Amino acid sequence: MTLHLYNTATRRKEPFEPLQPGKVGMYVCGPTVYDYAHIGNARPVVVFDVLYRLLRRAYDEVTYVRNITDVEDKINAAARARGISIAEVTESTTRAYHEDMAALGALPPDEEPRATQHIAHMIAMIRRLIEGGHAYEAEGHVLFHVPSMADYGRLSGRNRDEQIAGARVDVAPYKRDPADFVLWKPSDADTPGWTSPWGRGRPGWHIECSAMAKAKLGVTFDIHGGGRDLIFPHHENEVAQSVCANGAPFARYWVHNGFLTVNGEKMSKSLGNFRTVRDVLVQAPGEAVRLMLLSTHYRQPLDWTDDGLQQARATMDRLYGALRHVWDASLRDAPSPSPELLAALEDDLNTPLALSVLHQEAARAHKVESEEEMRAVKSALLGAGELLGILSQDPAQWFRWQPAGAEVDEAEIMRMIEERNDAKKARDYAAADQIREALKAQGILLEDRPGGVTEWRRAG
RNA sequence: GGCCAGGUGGCGGAGUGGCGACGCAGCGGACUGCAAAUCCGCGUACACGAGUUCGAUUCUCGUCCUGGCCUCCA
């Protein structure tokens with residue numbers, strides 16, 4: 001089985017073959033750093049992190065590029081609103097973003113280009129578009145001329161009539177065509193700007209990704225990812241800019257994750273259902289959040305609920321329980337996922353199916369009869385965990401996770417467990433049960449193991 | 001209005017032209033002082049209406065519903 005990916009460009013699942021054997025380049029649209037990342041931002045990060053892990057397993061050289069958009073009007077607005085500098089906004093937000101994504105178990109990308117450091121690339125690209133007759137200057141703006149590209153609309157499946165028919169955009173008077181979009185726009189004295197052949201200004205959003213992808217991966221590369229909502233106009237425009245400026249194909253496989261809703265509705269601040277990654281990390285450990293994002297296939301819509309998060313946490317409890325059971329086995333070789341699990345992931349990242357395989361392996365873990373079997377199951381569990389980005393910690397540590405601000409005194413718990421065990425030995429079960437109930441009230445559950453050992457864990 | 005996705009059991013969620021994954025919850029049993037964890041067993045579904053077919057949840061058409069995009073929101 002080889003990796004198959006659903007390619008938005010062809011609307012089909014296709015076998016993946018890199019442009020150059022053994023070498024893969026992947027670009028995923030990263031955040032605009034003006035506010036904390038929300039769970040909708042986290043979905044593509046986690047999805048493409050799994051793809052990244054899978055690719056790294058199969059190919060010698062994988063270059064994963066995820067940009068940071070640090071020039072954007074919303075950043076300027078945030079800086080003004082908070083009374084701090086633009087640099088402070090982008091730096092602190094980027095730092096928080098890194099923390100949040102690490103908490104979700106996402107590996108850092110190989111390259112994380114920042115828009116502000118690629119202005120020259122953007123200017124060069126815009127120049128070539130003008131020279132090629134694909135862009136024009138008007139009133140300090142530079143616009144991409146959509147009719148100059150015959151294929152425009154192919155990725156999103158929109159023809160020109162459809163675009164114009166339902167258009168709700170105000171058409172700026174300087175546009176030659178209503179569909180033309182901005183490559184460069186002028187900045188006033190209070191707005192960040194760079195010197196360009198068209199005066200002091202700043203880039204449009206779409207050109208940033210075209211320029212950074214080219215700078216890091218070359219004109220044609222393998223995979224471009226992002227949320228489905230970016231297909232139009234962002235990705236369509238990237239294709240137009242890159243193909244017209246480079247005279248070469250752009251991304252070969254377009255991979256898009258489905259939209260995330262919260263309680264069935266689009267997440268928005270006005271609806272009051274806005275969840276940042278930080279918010280949910282207080283409710284559950286990072287791996288539970290990650291599992292929640294992976295328990296639905298990436299192309300399906302995902303509805304975020306508190307109940308779903310608790311269920312994801314319960315699933316992680318189950319998996320860690322299985323891992324704990326085989327934890328003492330010493331591995332001779334590196335952890336290795338089972339062929340079934342690998343096959344599920346290679347089939348267009350079927351993470352829900354992969355999880356069902358993992359559940360089977362968890363059941364096996366509780367039934368092992370030999371040291372050899374223990375090793376095999378541990379290896380499969382950890383191997384699966386490496387690919388999915390879960391099961392990365394000691395089970396004991398997992399079961400003791402506590403939400404921030406709810407620290408319990410571990411020494412006190414141990415003391416109470418001892419006290420209960422003494423009561424049990426004295427056959428004073430009423431006293432023993434009372435202690436257990438007292439702990440339960442604090443969210444601590446006890447599990448008596450054979451041999452008189454009592455373990456504790458946090459309640460979900 | 002145009003375009004694009006999706007509608008599977010109490011819940012989450014795969015998949016398939018014919019033998020009803022997997023998980024959670026529920027029920028029964030084993031284990032346990034009692035629990036928890038674990039193990040064994042059980043039940044319920046494929047939005048609606050046509051069509052194609054020996055046979056459709058799976059293919060086609062239509063209807064309804066939900067979500068997204070068309071506004072530099074992943």
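Note on naming: letters A, B, ... go to the chains in the order of the sequence lines (proteins, then strands), and numbering restarts at 1 for each one. As the structure is a computational prediction, the values presented were derived from the model and not from experiment.
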Pairs under 3.5 angstrom, nitrogen or oxygen only, protein versus nucleotides 5-12 of chain B, please.
none

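- For Ser187(A), the side-chain hydrogen bond (donor to acceptor under 3.5 Å, both in side chains) criterion is met by Arg202(A), not counting sequence neighbours.
- Among residues two or more places apart in sequence or in another chain, the salt bridge (Lys or Arg N to Asp or Glu O under 4.0 Å) test is passed with Asp151(A) by Arg154(A).
- Among residues at least two apart or in separate chains, side chain to side chain donor-acceptor pair (under 3.5 Å) pairs with a member in residues 354-364 of chain A are Ser338(A)-Glu361(A).
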Dot-bracket encoding of pairs in RNA chain B, which uses [ ] for pseudoknotted crossings and | for another strand, Watson-Crick or G-U under 3.5 angstrom
(((((((..(((.....[...))).(((((.......)))))....(((((..]....))))))))))))....

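- With sequence neighbours left out, the salt bridge (Lys or Arg N to Asp or Glu O under 4.0 Å) criterion links Arg176(A) to no other residue.
- The salt bridge (charged side-chain N to carboxylate O under 4.0 Å, His left out) contacts involving residues 34-43 of chain A comprise Asp35(A)-Lys269(A), where partners must be two or more places apart or lie in separate chains.
- A heavy atom lying under 4.0 Å from RNA chain B marks the following residues of residues 413-426 of chain A, by number: Arg420(A), Lys424(A).
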N/O donor to acceptor pairs below 3.5 angstrom from side-chain atoms of residues 423-430 of chain A, sequence neighbours left out:
{"unit_1": "Lys424(A)", "atom_1": "NZ", "unit_2": "Asp448(A)", "atom_2": "OD2", "d": "3.0"}
{"unit_1": "Asp428(A)", "atom_1": "OD1", "unit_2": "Ala431(A)", "atom_2": "N", "d": "3.3"}

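- Legend: residues meeting salt bridge (Lys or Arg N to Asp or Glu O under 4.0 Å) with Glu236(A), ordered by chain and number and at least two apart, are absent.
- Here Glu373(A) pairs with nothing under the salt bridge (Lys or Arg N to Asp or Glu O under 4.0 Å) rule; sequence neighbours left out.
- Qualifying ring pair (Phe, Tyr, Trp, His ring centres under 6.0 Å) partners for His145(A), counting only residues two or more places apart in sequence or in other chains: Tyr136(A).
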